[in-house]
Amino acid sequence: MGRTVVITGASCGIGLATAREFARRGDNVVLVARGAERLAEAARQCERVARDRDDTALVYGESPVLAVPGDVTDAARMREVVARAADRFGRVDVWVNNAGTSLWGPFEDIPADADRRLIEIDLIGAMNGAHAVIPHFQAHGGTGVLINVVSIAGRIPTAWTTGYSAAKAGLAGFTDALRAELGIRSKIAVCGVYPAFVDTPTPINSGNYTGRTLRPVPPVVAPERVATVIAGLADRPCRATRVGALNAASALYALAPGTVGRLAARGGRRYFLHAGDHAEHTPGGLFDSRPGPAASRGDWGQPGRTVARAAVGVLTAAAMIRWLTR
């Protein structure tokens, strides 16, 4: 048997792609998500992957896959996840804090309770996972790998999604601080993954107060690509891994943050608030699990690639000119 890997937010998107990738590699996988029905289907998909890899993976009814319904904002439930994983497989070797969603719109149009809930899921949820698994790692020789799925918004503050930027910047800071702290008293590795826009079922799960359908900024990353990066970190942990070409803008932001921020906000206002089809305001899956398939991809972000690439080029050129003239 391989390692035991716990993945939160594992019923769709990056989480499901990651669970399937670890199952393909022969590891035990523990899937955690709120919606029990979709989670069960995700677990069946992982079992099929394990069976295709090795027909003996399900001998004597012992599946290498365990599904545990749970909300990451419930700290006690996360501790129960650790206990159930250890009872089934002996110990937890890798924990992936992936559960999260996003929230879009002008700051004043987004209800305060929606912003609060977003931070509870995206930041406090990851801290709850760490609180649950780190004592377990310490009790098993002070080893283990904790992987936090952050976001490009954790490095580049993004207008029209202020609460999400706050949550992800907080998660980036938490990841770096925890790594430094554990690094001087254990062999526990703490890794951060920073994807750009990813083709997941985001439009179903994200809060949307833009008045328009949600559209990503291309080029959009495949969730399987992020999953491969996460699985690789379990083998060879490193401090931070960026996934997606848009992360190159972080250097530009560091060079001229004021200029880049304003230019991106102006472009984002047109792209997110004044283009695309009309849509009703919705909190998405912030307060409850939304119905939908157990799918890693959402066919998100296919239109508008050429326009978006041109916009990125214009933004880069304008920022460079502004910086040079100053």
Side-chain angles (χ1 to χ4, degrees), residues 3 5-22 24-25 27 29-33 72 92-102 121-130 133-134 137 144-158 161 164-180 182-183 188-200 202 205 216-217 219-251 296-297 300:
R3 299 163 300 189
V5 182
V6 177
I7 304 121
T8 67
S11 63
C12 66
I14 294 172
L16 177 54
T18 301
R20 291 196 299 238
E21 178 62 22
F22 277 111
R24 187 187 66 79
R25 296 181 180 214
D27 294 310
V29 290
V30 181
L31 286 69
V32 182
V72 294
V92 174
D93 301 284
V94 181
W95 182 288
V96 182
N97 276 319
N98 166 76
T101 187
S102 58
I121 295 171
D122 288 11
L123 175 57
I124 304 301
M127 296 177 75
N128 286 341
V133 79
I134 286 174
F137 285 162
V145 182
L146 175 67
I147 301 171
N148 291 333
V149 180
V150 193
S151 166
I152 188 175
R155 296 298 192 199
I156 308 174
T158 306
T161 180
Y164 182 71
S165 290
K168 292 301 186 178
L171 182 55
F174 169 68
T175 303
D176 290 343
L178 184 62
R179 179 190 307 108
L182 293 176
I188 300 170
V190 181
C191 311
V193 180
Y194 296 83
F197 287 80
V198 182
D199 177 17
T200 66
T202 292
N205 298 316
V217 177
V220 180
V221 178
E224 293 80 10
R225 180 181 170 192
V226 184
T228 300
V229 168
I230 293 171
L233 288 173
D235 296 327
R236 296 173 297 280
C238 68
R239 178 180 179 276
T241 302
R242 294 163 175 80
V243 188
L246 284 177
N247 276 283
S250 61
S296 58
R297 297 197 181 203
W300 196 45

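- By the 4.5 Å heavy-atom criterion applied to side chains, Asp27 and Val94 are not counted as neighbours.
- Salt-bridge formation is detected for the pair Arg3/Asp235: a Lys NZ or Arg NE/NH1/NH2 atom is positioned less than 4.0 Å from an Asp or Glu carboxylate oxygen.
- Looking at Arg179, its side chain does come within 3.5 Å of a backbone N or O of Val190 through a donor-acceptor pair.
- For the pair Thr202 and Ser102, the tightest heavy-atom approach, listed with the atom from each and the gap, is CG2-OG, 4.0 Å.
- Annotation: salt bridge (Lys or Arg N to Asp or Glu O under 4.0 Å) contacts of Arg239 (sequence neighbours excluded): Asp176.
- For the atom pair CG of Leu171 and CG of Asp122, the computed distance is 8.0 Å after rounding to the nearest 0.5 Å.
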Using the side-chain contact (heavy atoms from CB on, under 4.5 Å) rule, take Ile147 and Val193 through it: C-alpha gap first, then chi angles, then the decisive distance, then the call.
CA-CA 7 Å; Ile147 301 171; Val193 180; 3.8 Å; yes

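- Here the closest heavy-atom approach between residue Arg225 and residue Gly244 is recorded as NH2-N, 3.7 Å.
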Going through the checks in order, is the side-chain contact (heavy atoms from CB on, under 4.5 Å) test met by Leu182 and Ile134?
CA-CA 9 Å; Leu182 293 176; Ile134 286 174; 3.8 Å; yes

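- Asn148 contributes no side-chain N or O that, together with a main-chain N or O of Asn97, makes up a donor-acceptor pair within less than 3.5 Å.
- Looking at every heavy atom in both residues, Ala231 comes nearest to Phe22 through CA-CZ, 3.5 Å.
- Remark: side-chain polar atoms of Thr158 are not paired, donor with acceptor, to backbone N or O of Ala153 under 3.5 angstrom.
- Side chains of Val226 and Thr18 form no contact here, defined as non-hydrogen atoms less than 4.5 Å apart.
- Contact check for Pro195 versus Val221: no side-chain heavy atoms found under the 4.5 Å cut-off.
- To the nearest 0.5 angstrom, Ile14 atom CD1 is 12.0 Å from Arg297 atom CZ.
- When all heavy atoms of Ala245 and Pro219 are compared, the pair lying nearest together is CB-CG, 4.2 Å.
- Interatomic distance, Thr101 OG1 to Asn205 CG, rounded to the nearest 0.5 Å: 5.5 Å.
- Between Val133 and Val6 there is no side-chain heavy-atom pair separated by less than 4.5 Å.
- For the side chain to side chain contact (heavy atoms under 4.5 Å, CB included) with Leu146, the lone residue among Thr175, Leu178, Val96 that qualifies is Leu178.
- Between Val92 and Phe137, the shortest heavy-atom distance links the atoms O-CE2, 3.3 Å.
- Contact record, Ala189 with Pro237: CB-CB, 3.5 Å, taken as the closest heavy-atom pair.
- Between the side chains of Tyr164 and Ser151, a donor-acceptor pair is found at a separation under 3.5 Å.
- Side chain of Asn128 to backbone of Val72: a donor-acceptor contact under 3.5 angstrom is found.
- Atom SG of Cys191 and atom CD1 of Ile230 lie 10.5 Å apart (nearest 0.5 Å).
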